[in-house]
Every structure is written in C-alpha cells, then in structure tokens.
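Some notes on the structure that comes next.
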Amino acid sequence: MPATEESGDDALYVLTAVLLTPAQFPSVLGDDYPEACAALGLTPYTAGYGLVLGQDGRGARWTVVTDDVSLVAIAIATWDCGMEYDLSLNDRTVVASLPGWPLAVAVAAPGVPAPHDPEPDPALGDPVRPPLTPPDAERWGPAQRRLGADEIALQWAIWREQVASEVTFVAPGEKPHGGVRRVLDEVRGYLDTPPPLGRVRSAFAAGDARTLRADGPGWSMVARTDDIAFVLLDDEPGEVLPVGRGPELPGLLTALDELAVRPQ
C-alpha cells in the first residue's frame, strides 16, 4: 500500500487500517467502545475514528488516528476486494499519532528499516507514552478472550460443526455451568440497564439472521439469532462453552439484537 503524501522520514507507509466506531472496533482494546477509546487516550465520539497503522521513513511503528471514518472505511472495503487504494490522510483530519501498533501486523514497508518502536524526542515535545503493543498470544486474559470470540464470529460454521445440533444448556441430570449462568444473567441485565456503547453489537449473517457479540467483565458471548451461542470466560483459559437454544435463549437473543449497535 502506498505512503501518504508526506516524503522522507516524515512519510507514513500505510500497512493496514481498522475502524474504531461503536459498532466496529479492535476488541483487543476493550469490552466496549468507550473502553477501547480510553486505551488510546481518545474521547469516545459517536462518529468514531479510523486507525491507520504504518511505518515512517526510519521504519518506526505508528498508529495514526483520523476522524475521517468514511475514508478509512472505503480503503478497507477496497482492500478486502483485492484492489489497491492509496490511503492518504489530510493533516486536518489527524487526531493523534501514537507510537507502536495495538494489533499484530504481519507485513512491513519495503525499503525502510524493520519495524521498531520509535524513540521519544523530548526536543519535539513528544509525550512520554509507552508504545502500543499487541496482546501476548502466549497468555490468556481479557484481550485473548475477546480475540477468541472474534475468531468464532468469523468462523461460525467451523465452530458450529463441532457442536451437536441439539445441544442444550443443561444436559439431563447435570447442573448449569456456573460461569455460563452468570453470563446469561448479566446479559439479561443489559435489557433493563443498557450497557456502555458497543458492548452489544449486531452484524450481518446468512439469511435473515444476525451475528450478535456481547462482552462484559470477564466474559464474551457470540451468538446467531437463529441458532446457539458460545461463551468464553477469563477464568477458563481457552475453553469455548456452547449454549443451546432451549426455552430462554431465542427470546434473549432477539431482545439483544434490538438493543445492539449496528454498522452504518
């Protein structure tokens, strides 16, 4: 992907970009939109932001925040179609330039040094801020739990095939899983007391269904409005817990979809 209109060491060689909006934000940053914005020191404006990840002419990693959300959305959609798009930012739309990357990026800009975190320059008034870093893939925690939920949402069919079609929340003779029971109770509580913006999100799915994503303290849930749900917990590393339709899940998912934030 080409660089922005700057030249020399000040150029930003764009590698990728993501949206930071109430309906779409990097889940590694938080359970909801305000929390994700706070992780980057941003005000959670409803219109959202675009995050552009790239390298400068010295190879340093930078995350540039822009309020031109439409430009970033167009670039992402074009790239997803396998086409080229020159994402060039107007200085007037740049909200912040943050050292480091919050996400793992597998590519690097050609012709510049290997990606590395920039050194702060006190002479230029650079803030003493630790560089953004992607979560450690070797340890389980909130970021990894949310990334796991992302993967289930993206690969729903694969995960669904691993679960019996008639799965139930509680098998005969067994007690409900305490963690899953707590999650369902907390999700139901969202219907009475709306959670922070972006904590419940709804996205397109096959047919007339919607893919629902809900997060909360220590848990994530992914569901299809016409099917089952999966729950991940901070205190059960790597475990994916299915929740069958049963008598209560369909109505709960329908109500959550009405509450959820949807992409514009």
query: Please walk me through it: do Thr225 and Asp257 pass side chain to side chain donor-acceptor pair (under 3.5 Å)?
result: CA-CA 8 Å; Thr225 53; Asp257 187 44; 5.7 Å; no
Open item on the list: I'd like to know whether Val28 forms a side-chain contact (heavy atoms from CB on, under 4.5 Å) with Asp150, so could you lay out the CA-CA distance, the side-chain angles of the two residues, the decisive distance to 0.1 Å, and finally the verdict.
Closed with: CA-CA 10 Å; Val28 296; Asp150 288 348; 5.9 Å; no
Pair Thr16, Val107 - check side-chain contact (heavy atoms from CB on, under 4.5 Å), show working. CA-CA 9 Å; Thr16 190; Val107 296; over 6 Å; no
### Candidate pair Leu253 and Arg245, rule side-chain contact (heavy atoms from CB on, under 4.5 Å), full reasoning
CA-CA 10 Å; Leu253 296 183; Arg245 294 284 285 177; 4.1 Å; yes
| message | Would Arg210 and Phe204 count as a side-chain contact (heavy atoms from CB on, under 4.5 Å) here? Give the steps. | response | CA-CA 5 Å; Arg210 303 287 298 182; Phe204 294 107; 3.2 Å; yes
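Distance check: Trp101 CH2 to Asp117 CG gives 9.0 Å after rounding to the nearest 0.5 Å. Gln144 contributes atom CD, which lies 9.5 Å from atom CD of Glu138 (distance to the nearest 0.5 angstrom). Note that CG of Asp56 is 8.0 Å distant from CG of Leu12, once rounded to the nearest 0.5 Å. Rounding to the nearest 0.5 angstrom, the gap separating the CG atom in Leu252 from the OH atom in Tyr190 is 11.5 Å. If you take CD on Glu119 and CZ on Arg58, they are separated by 11.0 Å, rounding to the nearest 0.5 Å. Here CH2 of Trp219 is found 11.5 Å from CG of Asp234. Values are rounded to the nearest 0.5 Å.
Closest approach of Phe230 and Val240 over heavy atoms only: CD2-CG1, 3.5 Å. Nearest heavy-atom pair across Leu249 and Ala229 is CD2-N, 3.9 Å. The two atoms that bring Pro135 and Leu147 nearest to each other are CG-CD1, 3.8 Å, heavy atoms only. In terms of heavy atoms, Pro26 sits closest to Leu103 at CB-CD2, 3.9 Å. Contact record, Gln24 with Pro263: OE1-CB, 3.8 Å, taken as the closest heavy-atom pair. Nearest heavy atoms, Leu15 versus Ala109: CD2-N, 3.6 Å.
A donor-acceptor contact closer than 3.5 angstrom is absent between the side chains of Thr93 and Asp67. There is a side-chain donor-acceptor pair under 3.5 Å between Glu236 and His177.
Listed by first and then second residue, the salt bridge (Lys or Arg N to Asp or Glu O under 4.0 Å) pairs that reach into residues 97-114 come to none, sequence neighbours excluded.
Under the 4.5 Å side-chain contact rule for hydrophobic residues, Val69 and Ile74 share a cluster. Hydrophobic clustering keeps Leu154 apart from Phe25 (ILVMFWY residues linked when any side-chain heavy atoms are closer than 4.5 Å, directly or through intermediates).
Note on Arg182 versus Asp185: no salt bridge recorded, every NZ/NE/NH1/NH2 to OD/OE distance being 4.0 Å or above. Using a 4.0 Å cut-off between a side-chain N of Lys or Arg and a carboxylate O of Asp or Glu, Asp227 and Arg160 qualify as a salt bridge.
Looking only at side-chain heavy atoms (C-beta outward), Val65 and Leu51 come within less than 4.5 Å of each other. Residues Leu256 and Met221 form a side-chain contact, since some pair of their non-hydrogen atoms from C-beta on lies under 4.5 Å apart. Leu233 places none of its side-chain heavy atoms less than 4.5 Å from the side chain of Trp140.
Not counting sequence neighbours, Asp68 has no partner by the salt bridge (charged side-chain N to carboxylate O under 4.0 Å, His left out) test.
Summarising the local packing, CH2 of Trp159 is surrounded by 12 or fewer heavy atoms from other residues, nucleotides or ligands at distances under 6.0 Å. In the displayed structure, Asp80 atom CG is contacted under 6.0 Å by more than 12 heavy atoms of other residues, nucleotides or ligands.
A side chain to side chain contact (heavy atoms under 4.5 Å, CB included) with Val243 is found for one member of Val163, Val183, Val180, Ile228 and no other, namely Val180.
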Acceptor/donor pairs from residues 32-40 side chains to any protein atom, 3.5 angstrom cut, sequence neighbours excluded:
from: Asp32; atom 1: OD1; to: Glu35; atom 2: N; distance (Å): 2.8
from: Asp32; atom 1: OD2; to: Arg199; atom 2: NE; distance (Å): 3.1
from: Asp32; atom 1: OD2; to: Arg199; atom 2: NH2; distance (Å): 2.5
from: Tyr33; atom 1: OH; to: Tyr45; atom 2: O; distance (Å): 2.5
from: Glu35; atom 1: OE2; to: Asp31; atom 2: N; distance (Å): 3.2

